[in-house]
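What follows is a short report on a single structure.
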Amino acid sequence: QVQLVESGGGLVQAGGSLRLSCAGSGRTLSSYLMGWFRQAPGKEREFVAAINRSGGTTSYADSVKGRFTISRDNAKNMVYLQMNKLKPADTAVYYCAVRRTDYLYTTSRDYAYWGQGTQVTVSS
């Protein structure tokens with residue numbers, strides 16, 4: 001069983017930055033695809049970014065390309081999401097998720113384990 005705990009969310013003004021962290025436990029996550037998703041009120045959960053096992057390949061939603069960067073530290077069982085140039089449209093609960101694969105899945109149904117989420121609010 002894998003446990004995931006997100007942190008780093010908060011309230012920030014438009015144009016600002018936040019760095020989300022996700023700590024994994026229960027298993028060594030170096031064999032897992034790691035991803036970030038988000039869900040705004042009244043909307044479906046959507047893909048944000050994913051990173052493969054080695055960290056050498058990433059995928060991003062078009063809405064965050066050039067502003068967000070996903071990274072991982074396998075030695076620490078961590079995945080990060082650096083978010084720059086934040087917009088009010090980025091306001092959502094952000095979730096990290098993992099699956100034991102090296103394929104870059106971008107849909108939520110393809111991920112096996114989820115954290116509880118961390119709130120990000122961007123004010124205009």
Side-chain angles (χ1 to χ4, degrees):
Q1 194 74 0
V2 175
Q3 293 81 43
L4 302 169
V5 178
E6 302 94 337
S7 61
L11 174 64
V12 64
Q13 288 188 332
S17 299
L18 282 174
R19 188 193 193 207
L20 304 183
S21 300
C22 176
S25 62
R27 298 281 174 85
T28 300
L29 297 183
S30 57
S31 297
Y32 287 72
L33 168 73
M34 305 183 86
W36 286 96
F37 290 77
R38 66 187 182 186
Q39 188 167 18
K43 295 187 177 181
E44 293 187 355
R45 192 168 298 188
E46 65 175 1
F47 170 75
V48 176
I51 188 166
N52 74 336
R53 293 171 176 173
S54 69
T57 303
T58 57
S59 179
Y60 294 93
D62 287 343
S63 60
V64 307
K65 279 181 182 176
R67 300 188 298 122
F68 291 11
T69 303
I70 188 171
S71 61
R72 66 189 294 164
D73 186 335
N74 286 339
K76 296 181 178 179
N77 255 18
M78 298 285 292
V79 63
Y80 306 98
L81 186 69
Q82 178 66 44
M83 306 186 295
N84 298 328
K85 300 179 182 179
L86 283 161
K87 305 174 181 179
D90 295 319
T91 295
V93 177
Y94 283 71
Y95 300 88
C96 70
V98 301
R99 173 175 172 162
R100 190 179 174 88
T101 182
D102 207 31
Y103 183 80
L104 282 177
Y105 289 100
T106 60
T107 54
S108 58
R109 65 177 181 270
D110 291 314
Y111 284 74
Y113 300 99
W114 292 82
Q116 83 291 347
T118 185
Q119 177 70 47
V120 172
T121 303
V122 184
S123 63
S124 58

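- Rounded to the nearest 0.5 angstrom, Arg109 CZ and Arg45 CZ are separated by 14.0 Å.
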Test side chain to side chain contact (heavy atoms under 4.5 Å, CB included) applied to Val98 and Val79, step by step: CA-CA 10 Å; Val98 301; Val79 63; over 6 Å; no
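- The side-chain contact (heavy atoms from CB on, under 4.5 Å) test with Tyr60 is passed by exactly one of Ile51, Thr106, Thr69: Thr69.
- Distance check, rounded to the nearest 0.5 Å: CG of Asn74 to OG of Ser54 gives 8.0 Å.
- Among residues at least two apart or in separate chains, there is no disulfide bond (SG atoms under 2.5 Å apart) pair with a member in residues 38-91.
- Shown here are the salt bridge (charged side-chain N to carboxylate O under 4.0 Å, His left out) partners of Arg67, two or more places apart in sequence or in another chain: Asp90.
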Test side chain to side chain contact (heavy atoms under 4.5 Å, CB included) on Arg38 and Ser63; report intermediate values, then the result. CA-CA 12 Å; Arg38 66 187 182 186; Ser63 60; 3.5 Å; yes
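- In this structure, Met83 CE and Ile70 CD1 are separated by 12.0 Å, a value rounded to the nearest 0.5 Å.
- Using a 4.5 Å cut-off on side-chain heavy atoms (C-beta onward), Gln119 and Leu11 make no contact.
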Solution key, residues 13-22 side-chain donor-acceptor pairs under 3.5 Å, sequence neighbours excluded:
unit_1, atom_1, unit_2, atom_2, d
Ser17, OG, Asn84, OD1, 2.9

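- Side-chain contact between Thr101 and Asp110: absent, with no pair of heavy atoms (C-beta onward) separated by less than 4.5 Å.
- Judged purely by atom type and a 3.5 angstrom limit, Thr91 uses its side chain to pair as donor or acceptor with the backbone of Val122.
- A side-chain donor-acceptor contact under 3.5 Å links Glu6 to the backbone of Gln116.
- The CG atom of Asp102 lies 9.0 Å from the OG atom of Ser31; values are rounded to the nearest 0.5 Å.
- Counting only residues at least two apart or on different chains, the salt bridge (charged side-chain N to carboxylate O under 4.0 Å, His left out) pairs with a member in residues 47-66 are Asp62-Lys65.
- By the 4.5 Å side-chain criterion applied to Ile, Leu, Val, Met, Phe, Trp and Tyr, Tyr105 is assigned to a cluster that also includes Leu33, Phe37, Phe47, Val93, Tyr95, Tyr103, Leu104, Tyr111, Trp114.
- Put simply, CG on Asn52 and CE on Met34 are 11.5 Å apart, with the number rounded to the nearest 0.5 Å.
- The minimum heavy-atom distance between Ala40 and Ala92, with the atom names listed, is N-CB, 3.8 Å.
- Residue Met78 belongs to a hydrophobic cluster whose other members are Tyr80, with links defined by side-chain heavy atoms closer than 4.5 Å.
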